[in-house]
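The structure under discussion appears below in the form of structure tokens.
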Amino acid sequence: MPRGDKSSYTDKQKRQAAHIEKSEKAEGRSGEAAERIAWATVNKQDGGGKKAPAKKAATKKAAKKSTAKKTAKKATKKAAKKTTKKAATKKVAKKATKKAAKKTTKKAATKKAATKRTATKKAAKKTARKATKKAAAR
């Protein structure tokens, strides 16, 4: 394709360029400058020609087949990943439950021990008070 070839542009892009060229000429630009500005504007808006290159029918069929195979492989992989994720999630949930149960049990045991300690301290204080009262009374 030689430089400046407009065959890859769609009909709409060509119409836009013609309209822009016409308005540029109305503003007093030369024919060459107006055409250059028109196509530069179309390129800036659309990023160049939008027409896809022509393909052979055999190539299309082969592409469809390979795409179908790829899609099937992807679907299989996705399904495998999902089941693996579910299993992993279940394991994580079980671990979390076990941890929470251990923590709760630990907290309860710690509370019980703390309660025992405070009860023992109170009893010791009571006994000490009684002993001092008796000593003071003598």
Side-chain angles (χ1 to χ4, degrees):
M1 186 177 342
R3 196 159 202 213
D5 183 27
K6 307 292 186 234
S7 64
S8 63
Y9 289 90
T10 62
D11 291 335
K12 181 180 178 183
Q13 288 174 317
K14 289 175 184 175
R15 285 192 309 272
Q16 285 175 332
H19 178 73
I20 294 166
E21 187 177 346
K22 186 178 171 186
S23 65
E24 289 296 320
K25 281 182 183 176
E27 286 184 19
R29 305 252 197 288
S30 69
E32 269 185 29
E35 184 182 2
R36 182 181 48 78
I37 290 169
W39 286 108
T41 306
V42 170
N43 285 336
K44 177 108 182 192
Q45 288 173 347
D46 297 336
K50 294 288 184 179
K51 269 190 185 173
K55 292 183 181 178
K56 294 181 180 177
T59 311
K60 285 183 182 179
K61 283 183 182 178
K64 281 184 181 180
K65 281 184 181 179
S66 67
T67 306
K69 284 181 182 178
K70 285 179 185 177
T71 308
K73 280 185 182 179
K74 281 183 182 178
T76 309
K77 281 184 181 179
K78 270 189 179 180
K81 278 185 181 179
K82 278 186 180 179
T83 52
T84 308
K85 268 188 179 179
K86 283 182 182 178
T89 307
K90 284 182 182 178
K91 282 182 182 179
V92 169
K94 276 186 180 180
K95 279 186 180 179
T97 309
K98 283 183 181 179
K99 270 189 177 180
K102 278 185 181 179
K103 276 187 179 179
T104 309
T105 310
K106 229 180 192 180
K107 280 184 181 178
T110 309
K111 266 189 180 179
K112 204 172 189 180
T115 309
K116 275 186 180 179
R117 273 187 245 127
T118 49
T120 310
K121 283 182 182 177
K122 283 182 182 177
K125 279 184 182 178
K126 250 187 189 178
T127 312
R129 279 189 207 138
K130 283 182 183 177
T132 37
K133 279 184 183 177
K134 278 185 183 178
R138 287 186 191 169

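Heads up: numbering here begins at 1 and tracks the sequence.
Heavy-atom contacts from other residues, nucleotides or ligands closer than 6.0 Å to NZ of K12 number 12 or fewer. Within a 6.0 Å radius of CD in E27, more than 12 heavy atoms belonging to other residues, nucleotides or ligands are found.
The CZ atom of R29 sits 8.5 Å away from atom CZ of R36, with the distance rounded to the nearest 0.5 Å. Taking NZ from K6 and NZ from K51, the interatomic distance works out to 13.5 Å, rounded to the nearest 0.5 Å. Atom CH2 of residue W39 and atom CD of residue Q13 lie 7.0 Å apart, to the nearest 0.5 angstrom. Taking NZ from K126 and NZ from K122, the interatomic distance works out to 9.0 Å, rounded to the nearest 0.5 Å. Distance check, rounded to the nearest 0.5 Å: CD of E35 to CD1 of I20 gives 12.0 Å.
Minimum heavy-atom separation, E21 to A34: O-CB, 3.7 Å. Shortest non-hydrogen contact noted between Y9 and K14 is O-CE, 3.5 Å. Minimum interatomic distance between A38 and A17 (heavy atoms only, all atoms of both residues): CB-O, 3.2 Å. Of all heavy-atom pairs between A101 and T105, the closest is O-OG1, 2.7 Å. In this structure, K50 and T10 approach most closely via the heavy-atom pair CB-CG2, 3.8 Å.
Residues D46 and Q16 are in side-chain contact: their nearest non-hydrogen atoms beyond the backbone lie under 4.5 Å apart.
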